[in-house]
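Here the structure comes first, spelled out in structure tokens, and everything after it is commentary.
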Amino acid sequence: MNETTSTKKKEPIEESQVAPGHRACAGCGELLAARLVMNAAGKNVIATCATGCLEVVSSAYPQSAWKMPWIHSLFENPTAVASGVEAALKALGRENEANIIAQGGDGSTADIGIGCLSGMLERGHNVLYVCYDNEAYMNTGVQRSGLTPFEASTTTAPSGKISWGKTTDKKPMPEIAAAHGIPYVATASVGYYADLQKKVKKALTIKGPKYIQIHCPCPLGWIHDPALTIKVAQVAVQTGLIPIFEMENGVITSVRKIVKKRPVEDYLKLQGRFRHLLKKSGGEDEVKRIQAIADQNIEKYHLI
Amino acid sequence: MPKTQTKSTKPEGITVKPGSSKEYKTGSWRSKKPIFKHDKCNDCRICVMVCPDGVIFGEDKKYWADMDFCKGCGICAEECPVKDIDMELEVR
Amino acid sequence: MKKVIEGSMAVALAVKACRPHVISAYPITPQTHIVENLSQMVADGELKSEFVNVESEFSAASVILGASATGARAYSTTTAQGLLLMTEVLFNIAGLRLPVSLTCANRAISAPINIWCDHQDAMTVRDSGWIQLYAEDCQEAADMQLQAFKIGENPEIMLPVMVNMDGFILTHAFEPIELLDQKMADEYLPPYKPEIFLTTKNPVTFGILAEPQYYAESRYRLEEAIKASKPVIEEAASEFKRIFGRYSGGLVDKYKLDGAKTALVGMGSVVGTMREVVDEMNSHGQKSGLLKIRTYRPFPKEAIYDALKDVDNIIVMEKAISLGLGGILLNELKSIFQGKKKQPRISGFIIGLGGRDIPTQSIINAVKKVESETIEDEFIDLRTELIGAGK
Ligand SMILES: Cc1ncc(C[n+]2csc(CCOP(=O)(O)OP(=O)(O)O)c2C)c(N)n1
Ligand code: SF4
Ligand code: SF4
Ligand SMILES: [Mg+2]
């Protein structure tokens, strides 16, 4: 065995708040995001988690990857459970014990759990919500969600002889969260991990409900080389398809500017879920429609 | 304890220990492995940040991956700005 | 000290005496007076609980789940549609072994929508792993609330407990109630101190995934725990009697069953009417008795067999139906006698669905009917003109 990959000079694996040995696919953007979030948040955290890849790969009995006190209940309710955790800490005089982080995938956040999420935001609980947006229900085999992008092919909204995939674009979840009048909303990407961690740290200094949505590629569902997880995430941002911004008390206070704008093809061609757009005849028109979405984002969020 | 019971019915198997996934070695999943060349490394620590499994350790331009867990995704090699990590075929 | 108050107030005061850390509920008739009373107590500073005003019953159940997992005593209340909306969470709470408590103001299930009493709501979630107690009157509903936490929080049990009280019939009834003295309540129900809970001082992972090699054992342990709660439920009632001087709990309640030939079986407030019928029958020389099921889950098989083994005729009257099977309690009761030496004749009637009145005479008529034949799943007092069936 090569000296440099030897396991001999092993140091204890202690630093990470999400331990290795979890069963995420190689190159999983969601677990990368979770590790970045939890490491930024530090030790004093109580976490809740929705059903989904994040939970399934990390908490199979008799092991758990989570270092902090952590609870998974159901697909819909990490936010309501977190509300209960917060209420309990208050009632027990333990409110300074920990920051509370509620986590869910895009499916949990934008679809089945949106009611519970809205309730938590409206009630003003002191909880940071993190949406891991890998743009489909990955855990159950890549089905479309409310955050699946326009014309991506998923197993329940596949491209086909008369279909280009999903007929609508991503639900504007950050705006929906912000519309609750909460103090902090941000989008982030595993492609820009320092920014991501900065936002988590900042969010945890703010009292009240916080919402961070993290774009995280899924090599399995997006059909890309696992080595390209970071690249794919970065290109998404550079096209304008995934705007990165902060909204404080409903007002956009920062955006990540696009240094060199890239055409959406650069993003689409990296991934199998968009292959039909580049292969099928008539696809050029569809690509134009996606380019229009990117351009609209650039205008709306002043990305350039 | 209930009179009719001889053994305990306390909750068991409900919770598990934090971070215990370390007992589950994912290194066998790997088909490629990262080779840290320790040549041009500029100590940026990007590889440490981007490993989804959090298994890259070290300091002072000497980084290495814990091969008990490395899944061989290749993100570290792809993201290394000075190309000081190579991916090689894993031979077992 | 007895005071005439509404059933919902009696329950709210009992909940207050339990000193819950967290209350979360969503309004639904006929449970509304309970949540409203509790909200007012919190608003007036009389009750030091975190009251989480949620956007649905699904969240209410999830909130008490999270609170309980964090080490708090947590309470909710609902009925019918609300209970069904909670269903997924109810199963989850039991699986996580969290000893929360909930009052169910029993009501019929839609469609058609109907806000009046029957037991279809709670009986539908009988397999969820919750302990289910049924109150006959407001005093019992209040007393059982205190017992609910006592039972559920027993370290060997650690299960959620549902106290059932008939919607409107009890929730909105004004009755003289013996109020629970706070000092006595504190003596009876010490603070909740779970061994494991969500804390940074001793982090654990709750809500694991159990693959086929682990899942069955988890359910087995749940079944063992709920079965083990039977003596704990009895002890909780005896201990309650020791402190408060009333026995208002336990598994079953026997009335004039010694030497009885005929036994009526029921749950909830209808038991009162059934008791009148039993008295009337006895006054006519018909030796009869009554078995009130107080604990429906765990199903007190042994206690029921013991109480009914010497009668000739059992008549189950229930406010619920398993569509496609018939009476739920009826069929469960029959299963107790499967393979046993004693084989009483067992008949069953569906009564009072959707709040239909149950006059004494209707029960008397039903009892008369089964003198000569076994009857199963007959709806009492069906309006034949509405179902196109002539007599
Ligand atoms: C009530 C309910 N409906 C459906 C499911 C099945 N289910 C489990 S996870 C999941 C998809 C998760 O998608 P997402 O939230 O995006 O998380 P991901 O797996 O992509 O990380 C689905 C549909 C469930 N567990 N519960
Ligand atoms: S399917 Fe996607 S999200 Fe799930 S573990 Fe694999 S890479 Fe991660
Ligand atoms: S190949 Fe992947 S798993 Fe292995 S050390 Fe590099 S980034 Fe981590
Ligand atoms: Mg997803």
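If you're wondering where the values come from, they're calculated on a predicted model, not measured in any experiment. Letters A, B, ... are given to chains in the order of the sequence lines, protein chains preceding strands, and every chain is numbered from 1.
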Is it the side chain or the backbone of [X] that comes within 4.5 Å of chain A heavy atoms, both, or neither?
X: C:Val204; answer: backbone
X: C:Phe197; answer: side chain
X: C:Thr199; answer: both
X: C:Ile64; answer: neither

Atom NZ of A:Lys198 with >12 non-hydrogen neighbours under 6.0 angstrom: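 No.
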
Do the side chains of [X] and [Y] get close enough for a salt bridge, i.e. N-O under 4.0 angstrom?
X: A:Lys170; Y: A:Glu135; value: yes
X: C:Glu223; Y: C:Lys227; value: yes
X: C:Asp186; Y: C:Arg19; value: yes
X: A:Lys202; Y: A:Glu248; value: yes

Could you check which of [options] has the highest count of heavy-atom pairs closer than 4.5 Å to chain A?
options: C:Ala72, C:Gly95, C:Ser62; value: C:Ser62
options: C:Ile93, C:Val54, C:Thr205, C:Leu65; value: C:Thr205
options: C:Asn202, C:Leu96, C:Asn92, C:Val22; value: C:Asn92

Heavy-atom pair with the smallest gap, counting every atom of A:Ile46 and A:Glu97: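 Heavy atoms only, the tightest pair is CD1-OE2, 4.1 Å.
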
C:Lys150 versus C:Leu189, closest heavy-atom pair with distance: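 C:Lys150 and C:Leu189 have their closest heavy atoms at N-CD1, 3.6 Å.
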
Pair A:His180, A:Ser118: side-chain N/O donor-acceptor within cut-off below 3.5 Å: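 Yes.
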
Contacting moiety of A:Glu122, where chain C heavy atoms sit under 4.5 Å: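 Contact with chain C: none, neither part.
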
Looking only at heavy atoms and a cut-off of under 4.5 Å, which of [options] has the most pairs with chain C?
options: A:Gly115, A:Ala47, A:Ala82, A:Ser73; answer: A:Ser73
options: A:Val81, A:Val56, A:Val45; answer: A:Val81
options: A:Leu92, A:Asn77, A:Leu74; answer: A:Leu74
options: A:Glu86, A:Lys90, A:Arg94, A:Gln63; answer: A:Arg94

Check: C:Ser59 main-chain N/O paired with C:Ser56 side-chain donor or acceptor under 3.5 Å: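 At least one qualifying donor-acceptor pair exists.
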
Flag, side chain of C:Ser49 to backbone of C:Pro20, donor-acceptor distance under 3.5 Å: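 Side chain of C:Ser49 to backbone of C:Pro20, a donor-acceptor pair under 3.5 Å: yes, one is there.
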
From OG (A:Ser58) to CZ (A:Arg35), nearest 0.5 Å: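 CZ of A:Arg35 is found 14.5 Å from OG of A:Ser58.
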
Reported CE-to-OG1 distance for the pair C:Met165 and C:Thr77, which is rounded to 0.5 angstrom: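 Between C:Met165 CE and C:Thr77 OG1, I get 8.5 Å after rounding to 0.5 Å.
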
Proximal to chain A - members of residues 81-89 of chain C, heavy-atom separation under 4.5 Å: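 Residues in range: C:Glu88, C:Val89.
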
